[in-house]
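To find a chain, count down the sequence lines: A is the first, B the second, and so on, and within it residues start at 1. Worth knowing before you read on, the calculation uses all heavy atoms, side chains too, and leaves out hydrogens, waters and symmetry mates.
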2 protein chains.
Amino acid sequence: MSGARTERTRGRIDKRQAILDAAFTVFARDGYHAAGVDAIAAGAGVAKHTVYNHFGDKERLFREVVGALADQALARNLAAVELLREDGELTAMLTRTGRALAECYCDERSVALRRLLHAQITTMPDLLGIVRDRAADRVDDALAARLARLALAGRLDLGGRPALAAEQFGALLTGPLEARSRLGTRKVPRAEVREVVDTAAGTFLRAFGTEPAQSA
Amino acid sequence: MSGARTERTRGRIDKRQAILDAAFTVFARDGYHAAGVDAIAAGAGVAKHTVYNHFGDKERLFREVVGALADQALARNLAAVELLREDGELTAMLTRTGRALAECYCDERSVALRRLLHAQITTMPDLLGIVRDRAADRVDDALAARLARLALAGRLDLGGRPALAAEQFGALLTGPLEARSRLGTRKVPRAEVREVVDTAAGTFLRAFGTEPAQSA
DNA sequence: GCATAACTGCACTGGTGAGTGCACTTTAAC
DNA sequence: GTTAAAGTGCACTCACCAGTGCAGTTATGC
């Protein structure tokens with residue numbers, strides 16, 4: 001329905017990108033098996049042969065799509081984590097970071113990536129490794145590092161396990177969002193995201209904070 | 001690999017159950033689309049016609065499998081939640097309940113249910129409703145009710161929102177377990193489950209407890 | 001014992017989709 | 001301008017799979 005990404009037959013170098021975009025759309029909508037290469041080619045405004053010229057076969061195309069989604073997710077998530085600085089009021093900062101992470105998590109592409117991953121994890125077990133290496137692990141590490149710095153500054157008490165604390169902060173966001181978004185089928189209203197993030201930040205600070213609580 | 005559930009052609013009434021069992025195995029292994037009705041029939045030691053006699057078509061069979069999985073998950077999870085009583089030491093109790101819930105979450109059938117749900121949620125959006133009505137929502141409610149009772153007894157301070165606290169306790173378990181089990185593809189070692197559960201209970205009690213902390 | 005309902009085995013249809021072959025056109029490089 | 005690479009359109013093969021038809025078998029109710 002969203003039509004071809006290329007304006008008719010114009011440039012040549014961006015066919016590859018057009019195919020990746022269309023492939024994402026179709027895979028996300030129909031899932032790996034139900035997705036047809038014909039539909040992808042049509043969506044990209046490209047001949048089926050061109051798809052095979054660029055990617056070899058359907059599975060390799062799928063892997064490329066997943067890899068691209070992982071890269072994009074990494075960029076967005078790292079930007080969110082970098083909102084956690086050492087200065088500024090803790091509650092506000094944690095809330096801002098949490099909100100940014102929540103937006104990443106709810107992003108259409110992230111939702112699709114999780115869905116495709118879950119669906120194909122048994123038939124293509126290596127996919128998870130790709131996504132973890134290129135995105136998930138790096139975000140976790142970055143978050144843990146930021147929290148560790150706050151602990152070093154005496155503003156958090158993580159019991160010497162920043163990675164565990166990062167894991168929990170993430171869980172306090174993603175768990176509720178997964179449920180409330182109905183596995184990504186429902187757009188969580190702004191107010192509800194706010195509630196999830198504020199509650200997560202509150203719980204996290206009550207558990208790990210060293211400063212007098214900033215009431216909700 | 002686990003062979004037919006029925007010992008050759010014996011009883012008749014349990015063919016239905018044999019089909020459901022085999023269908024679970026095949027759907028869980030291959031996913032909805034890649035699963036073949038022939039494979040299911042073979043796995044159940046039954047003619048393909050018998051499958052269609054009992055369930056009409058592949059999609060209805062799939063729904064029955066999902067429903068059955070939800071019912072089983074509900075039973076296991078409720079039993080876990082009911083470990084939360086009003087007497088007894090809080091940390092120990094929360095840890096025991098947490099461990100039981102973690103085991104439910106890591107159970108092969110729960111893993112498969114989540115996987116199938118994620119994979120088919122776009123093509124069969126009503127599936128989520130079935131699972132929520134028959135399992136997820138009820139578990140959440142039961143957990144919230146137990147926590148509310150503990151709050152009423154003055155042993156927790158949930159800020160008057162037991163449902164939010166229940167949501168967070170669940171998230172502190174499922175989030176880390178989801179990641180550490182690699183979406184269910186890896187068996188999480190006992191020691192690691194213990195770490196996740198203890199950390200979750202610790203964080204929860206530091207955030208919501210009213211009694212002096214029981215150190216880890 | 002017999003009628004009926006459930007089950008079996010096998011062959012079959014119809015549809016769909018991955019991947020290829022081929023003749024032709026367009027673009028980019030020199 | 002000519003050449004080579006990339007792209008197009010279409011028809012085609014091959015395989016797989018949901019669902020059906022049918023003739024024959026087995027169990028169950030009475």
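- In this view, Ala171(A) and Pro176(B) satisfy the side chain to side chain contact (heavy atoms under 4.5 Å, CB included) rule, not counting sequence neighbours.
- A salt bridge links Asp107(A) to Arg109(A): at least one charged side-chain nitrogen sits closer than 4.0 Å to a carboxylate oxygen.
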Listing, residues 125-133 of chain A side-chain donor-acceptor contacts under 3.5 Å, not counting sequence neighbours, or none:
residue	atom	partner	partner atom	Å
Asp126(A)	OD1	Arg63(A)	NH1	3.0
Asp126(A)	OD2	Arg63(A)	NH1	2.2
Arg132(A)	NH2	Asp137(A)	OD1	3.4

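- In this structure, Asn53(B) atom CG and dT8(C) atom P are separated by 9 Å, rounded to whole Å.
- Residue pairs meeting the ring-ring contact (aromatic ring centres under 6.0 Å, His included) criterion with at least one member in residues 100-126 of chain A, sequence neighbours excluded: His118(A)-His118(B).
- OP1 or OP2 of dT8(D) has at least one side-chain nitrogen or oxygen of Thr50(A) nearer than 4.0 Å.
- The existence of a salt bridge linking Arg114(B) and Glu178(A) is excluded, since no basic side-chain nitrogen approaches an acidic carboxylate oxygen closer than 4.0 Å.
- With salt bridges taken as basic N to acidic carboxylate O contacts below 4.0 Å, one links Glu192(A) and Arg186(A).
- Because its NZ or CZ atom is not both nearer than 6.0 Å to the ring centre of Phe27(B) and within 45° of the ring axis, Lys58(B) does not count as a cation-pi partner of that residue.
- One axis for each end of the helix from dG1(C)-dC30(D) to dC30(C)-dG1(D), each built from five base pairs, and the angle between them comes to 30° at 10° resolution.
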Quiz: residues 92-99 of chain B side-chain donor-acceptor pairs under 3.5 angstrom, not counting sequence neighbours:
residue	atom	partner	partner atom	Å
Thr95(B)	OG1	Thr91(B)	O	2.6
Thr97(B)	OG1	Met93(B)	O	2.9

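- Between the C1' atom of dA6(D) and the CZ atom of Phe55(A) lies a distance of 14 Å, rounded to the nearest Å.
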Letter by letter from the 5' end, nucleotides 15-22 of chain C scores (B base, S sugar-phosphate only, - none; protein heavy atoms under 4.0 Å) ---SBBBB

